[in-house]
Student: 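Below is the structure I would like to discuss, written out as structure tokens.
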Amino acid sequence: MHQNNNYLVETAAQISGVNPKSCMKCGKCTASCPAFDDMDLSPHMFVSMVEAGRIRELMESTSLWKCLSCFACVERCPRGVEPSTLMEAVRLMVIRKQGGHRISADEIPELLDKRIPQQALTSAFRKYSR
Amino acid sequence: MVFDYYPGCTLKTEARELDEAGRRSAAALGIELQELDAWQCCGAVYPLGRDEIAPRLSSVRALAAARDHRRDLLTLCSACHHVIKRVNHDIRTDEKIRDTANSYMEGEQAYQGETKVVHYLEMLRDTLGFDELKNRIKKPLTGMKIGAYYGCLLLRPGKVMSFDNPENPSIMESFITALGAEPVIYPYRNECCGGYITVKEKDQAARTASRVIDSALEHGADCLITACPLCLYNIDVNGTSSKDLPVYYITQLLAQALDV
Amino acid sequence: MQRIGVFVCWCGSNIAAAVDIETVVQAMKSEPGVVYSTDYQYMCSEAGQGKLKDAVKEHGLTGIVICACSPRMHEATFRNAAKAAGVNPYMVEIANIREQCSWIHRDRAEATAKAVVLSRTAVAKVNLNTPLTPGTSDVVKRALVIGGGIAGLQSALDIAEAGYQVDIVEKQPTIGGKMAQLDKTFPTLDCAACILTPKMVDAAQHENIRIYTYSEVEQVSGFVGNFSVRIRGKARSVKADICSGCGLCMEKCPSKKAKDEFNMGLNNRRAIYIPFAQAIPNVPVIDREQCIKFKTGKCGLCARVCPADAVDFEQQDSIIEERYGAVVLATGFHTLSLEHYDEYQYARQPDVITSLELERIMNAAGPTGGKLLRPSNGKAPKSVVFVQCVGSRDTTGCGKTYCSKICCMYTAKHAMLIREKYPEVDVSVFYIDVRTPGKNFDEFYRRAVEDYGVRYIKGMVGKVVPEKGRLLVRGSDLLDDSQVALEADLVVLASAVEADASAKGLATLLTASIDTNNFYTEAHPKLKPVESPTAGVYLSGVCQGPKDIPETVAQASAAAVKVVGLLSKDKLLSNPCIARADELLCSGCSNCEHVCPYGAVSYIEQELRIHGRNQIRRIAKVNEAICQGCGACTVVCTSGAMDLRGFSNSQIMAEVDALCR
Amino acid sequence: MSVDKQPFKPLIAAFCCNWCSYAGADLAGTSRLAYPAEVKIIRVPCSCRVNPLFVLRAFQRGADGVIIAGCHPGDCHYTTGNYYARRRMTLLFSMLDYLGIEKERTKLDWISAAEGVKFATVMNDFSKEIHALGRNTRFGDLRCTTAVAQ
């Protein structure tokens, strides 16, 4: 399970440019998160698990898809850790894998309604696919 | 005053009113908006990965074009503003991103982050001035109680966006006051509506949007204004509330008050 | 020719781990002048110094090079050792191969090579050293204490009790400082005023203490033993010598809109006021920005009602010039302004307050008469939420990177006091860590939890949301991994402790160093905690770093002992590394006189014998008691007459040569 | 002349004032903040003690860069010494530039006793500049050594 783990930790660090070691475990990110109710791993847990090298577990986490990238955690973190940037890095690691896509062009029509702005679709493709 | 103008894709489609009202108002205010010739979609989402270069390029192209015109680059859509402003910041502060991005660029002169990115509201505040705007208003929106919905993208991260105080902003309230209406300050005005995930996580997006609506209603707003097409869609279409709460684009009310 | 001994220190493994000691020892053996080269594990130890003394005897050493830690650490130690061995102390030079070599270079070969260069540079210098003898200067037997809070008062009282004169300069209209604003003190819960005000009275009545309130230090010159200080006494607009303190003026003053600073702006005061009932001196001051007489020229009611005719609208600032042997800095702190923490709504919501504001609310002499009431509507709260670490431990530049140290304890105190007086009020505390080292401190905090039922939640608050007339405190509970939203009527923020704004300016005046947080730097973090690196300047209280009252008092007394030790001397040895002009080379150009920051150079007419004839020449003369040894004069000297002992032109040239060899 | 195959190891002389920048260097040391070993410090009481001749001598003896560090303006232990240094060195550096010693080889900076991080950063950056410039060949003809490049 732990083989190639260092590689994953390094990749997360490289993509995010974030150092999870600066976290002091205050939980202000989790306190600020508007998507907390929908997440299986709260933002502070996420940071803590990156620090512990548990990237594989994080790649299975539903939090990746629930994060709103609203940067409330980034704004309020007293240590400059940027939890949402870390989450984004792990999400990128998932969708960059073979079969990592979470959305395909085929399912788009049924997700659409009359008023949906183009921006929503572009965002969705950015979040869910390469 | 002439600005290079970056409208963005949604402003050419679903959010046409945001764009057109913005242009009409600017013209009435003596601000010239020169639309960039060959702008490309900013990508709608700022690429948080430090290794994502391609999604940054359209912003860099727009920024370099404005640099060549020696003008500030004006944006209107919150998402475009967020993406372009942050990419500009990357170019200024991250040597690796700057060098790699420039290696994909066609122009002769490498782009180093020279351009200033200005949001429409910042233009009203800093170039025109809200006092002056107030003088130009023909049909003040007297009696309207308007909640400013900032959302996330204009404000955060505060150090990069430096748009306003991210926890206690005031620019939209000053704008509303200048239009002759009464601003309603409510605590969720800078909390996320969840628009980003509206395509696949409808329920979640609906819940976050409804929180914003409830908060605005509780504090007595008649309507909301926003600069973001995605926020407007999510709050208007997905959000549910006890009472009707219309959402307008900032420029719609501006055009109305300027009577253009 | 010198006979130089080189001693390379291992510093345990601090140096030896990165530098190959033997290579350095061997390399020094072939340096000019070196007759002996050796190493030892701890040169600064008794045995190490013994080795040095033995070597002096055995090899007839005239110069000594110690390759060890920074000279700022042990130069004095080795100079004393040399002196004891019969070598002039100024024949010792230190090669700094720890801080500037072994601690920063990982590559052993590289570090060793650099250590060799640094050592031979020191050897090159010692070859040109000359024995120096310090001069002496007189000690002015009076101390200055800047700041009249508990730290300054304690230092002043201790110095005065030892029989020396002390002046206290306080910029506020009264002494007492922050402690006067506090209600109760942890962990004993005794009343702050009850233990502070007697000390204030003691200081005011002490025959050796003079107090200048509403005054600030404006200029400092001189040096240890003899500082000249100019103090500006701001005009109170009330004659202190004839005011009886009856208070009639304050009663009648029609200007009532100034924020009462002593009550943290929670209520208003008059334009003529004394900060609080026990203020010393009990003399009002007119706030000229608020006073109607000063603003419009009309009013003057206070002057009319004053039975002693003490109000003086024409009063000017007074200037006091005094000389002091020692200075104690006790400038204290204020709490961080919270504009970068608007998520807590401090600026928008009157019921979000700081801990110091709560102190005033809880205080019987405070704006609510000691009743716990909401500032917004004057009603009793049902639920109070405390937020810890607001602005402390913040590395983003919005707050302070350090732990403010006192918040955990005062919050436990507040929580306990509220629960004791109002058992029906719910009290919760959001904390990151609870830090309670100190005698009876952890027991105190545990009592808050176990006996008083205060709810401690490990987590931080993300946002305070005003909702339906109350405050919804949205935070996290990390122990059960949840978000919590507490309804509160009062939110109390433990805002970070910050060095007082005056600290930086005073640091410049006194050339005392401050750190990046504007706290004064101590001469040594462990062994000289109350001395500033500038001789004759001492540190007392929070101006050196966050502390509670017991620690402040302990440090204040420690600083006082250092001052007393200094003032008990009649003469001080001065630094012999000062400038000297060669009278035969001096051309009398006056460049040095113009450039000297101390006015230490003057010109005299002197009869000199030149080429066998007597001539009267105008030559530079350095006043050795005044020269501080900066060397500015040496560089402007066109004839090369001026040189600096201990850092002479030829010594530094030799260092450059050795370094570049 | 044989081609120099050794990697370029510059020689940098740093004059540090006793009160601020020397203490800053000590703090960099106690904080274990690395900077290149080619930076070697000479302690002076004040930046104003640095005679332009010392700088010239260093270049004459083969230094590739010379940096002078003092207290921040306004913070000088001797009140005004660093201002003197600033004026003198500005002149000296432009004269050296005129003589062919590039401006980048000389530097004057302010580093307080509390700025260990700044000390390391300044030295790292300065060394990077010197590496980019390569060996200093000016004033070599004035050198007293017989074999300059061995």
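Only a predicted model underlies this, so the values are computations on that prediction, with no experimental measurement involved. Letters go in sequence order (proteins before strands), and every chain restarts at 1. Heavy atoms only: backbone and side chains are in, while hydrogens, waters and symmetry mates are out.
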Student: May I ask you to decide whether A:Arg76 forms a salt bridge with B:Glu167, counting only side-chain N to carboxylate O separations under 4.0 Å?
Tutor: yes

Student: Could you tell me which portion of B:Pro166 (side chain, backbone, both or neither) has an atom closer than 4.5 angstrom to a non-hydrogen atom of chain A?
Tutor: side chain

Student: For the residue pair B:Glu52 and A:Leu92, establish whether any side-chain heavy-atom pair is separated by less than 4.5 Å.
Tutor: yes

Student: Going by the rule salt bridge (Lys or Arg N to Asp or Glu O under 4.0 Å), which residues pair with B:Arg156 if we only count those two or more places apart in sequence or in a different chain?
Tutor: none

Student: Could you note down all residue pairs passing salt bridge (charged side-chain N to carboxylate O under 4.0 Å, His left out) where residues 228-240 of chain B supplies at least one of them, sequence neighbours left out?
Tutor: A:Arg115-B:Asp236

Student: Which bit of B:Pro47 comes within less than 4.5 Å of chain A, counting heavy atoms only: side chain, backbone, both or neither?
Tutor: both

Student: Side chains of A:Leu121 and B:Val199: does their closest heavy-atom pair fall under 4.5 Å?
Tutor: yes

Student: Determine whether A:Asp38 and B:Glu201 satisfy the following criterion, side-chain contact (heavy atoms from CB on, under 4.5 Å), listing intermediate values before the conclusion.
Tutor: CA-CA 10 Å; A:Asp38 296 276; B:Glu201 314 283 347; over 6 Å; no

Student: Can you tell if the side chain of B:Lys202 reaches within under 4.5 Å of the side chain of A:Asp113, non-hydrogen atoms only?
Tutor: yes

Student: Under a 4.5 Å heavy-atom cutoff, which of A:Leu111, A:Val74, A:Val18, A:Leu112 has the most pairs with chain B?
Tutor: A:Leu111

Student: Using a 6.0 Å cut-off, check whether atom CD of B:Glu95 has over 12 heavy atoms from anything other than its own residue.
Tutor: no

Student: Side chain from CB out, backbone as N, CA, C, O: work out which of these in B:Cys41 comes under 4.5 Å of a heavy atom of chain A, or both, or neither.
Tutor: side chain

Student: Can you check whether B:Leu48 reaches A:Phe71 side chain to side chain, under 4.5 Å on heavy atoms?
Tutor: yes

Student: What I'd like to find out is whether the side chain of B:Tyr196 reaches to under 4.5 Å of the side chain of A:Gln119, using heavy atoms alone.
Tutor: no

Student: Heavy-atom distances under 4.5 Å only: say whether A:Glu82 touches chain B with side chain, backbone, both or neither.
Tutor: neither

Student: Thinking salt bridges, do B:Arg207 and A:Asp37 make one under a 4.0 Å N-O criterion?
Tutor: no

Student: Is there a side-chain contact between A:Ser123 and B:Leu230 (heavy atoms, below 4.5 Å)?
Tutor: yes

Student: Measuring only between side-chain heavy atoms, which start at C-beta, is B:Gln204 closer than 4.5 Å to A:Leu68?
Tutor: yes

Student: Non-hydrogen atoms of chain A under 4.5 Å away: do they reach the side chain of B:Cys77, the backbone, both or neither?
Tutor: side chain

Student: Can you tell if the side chain of B:Ile197 reaches within under 4.5 Å of the side chain of A:Tyr128, non-hydrogen atoms only?
Tutor: yes

Student: Please determine, among A:Ala89, A:Ala72, A:Ala35, the option with the most heavy-atom pairs under 4.5 Å with chain B.
Tutor: A:Ala72

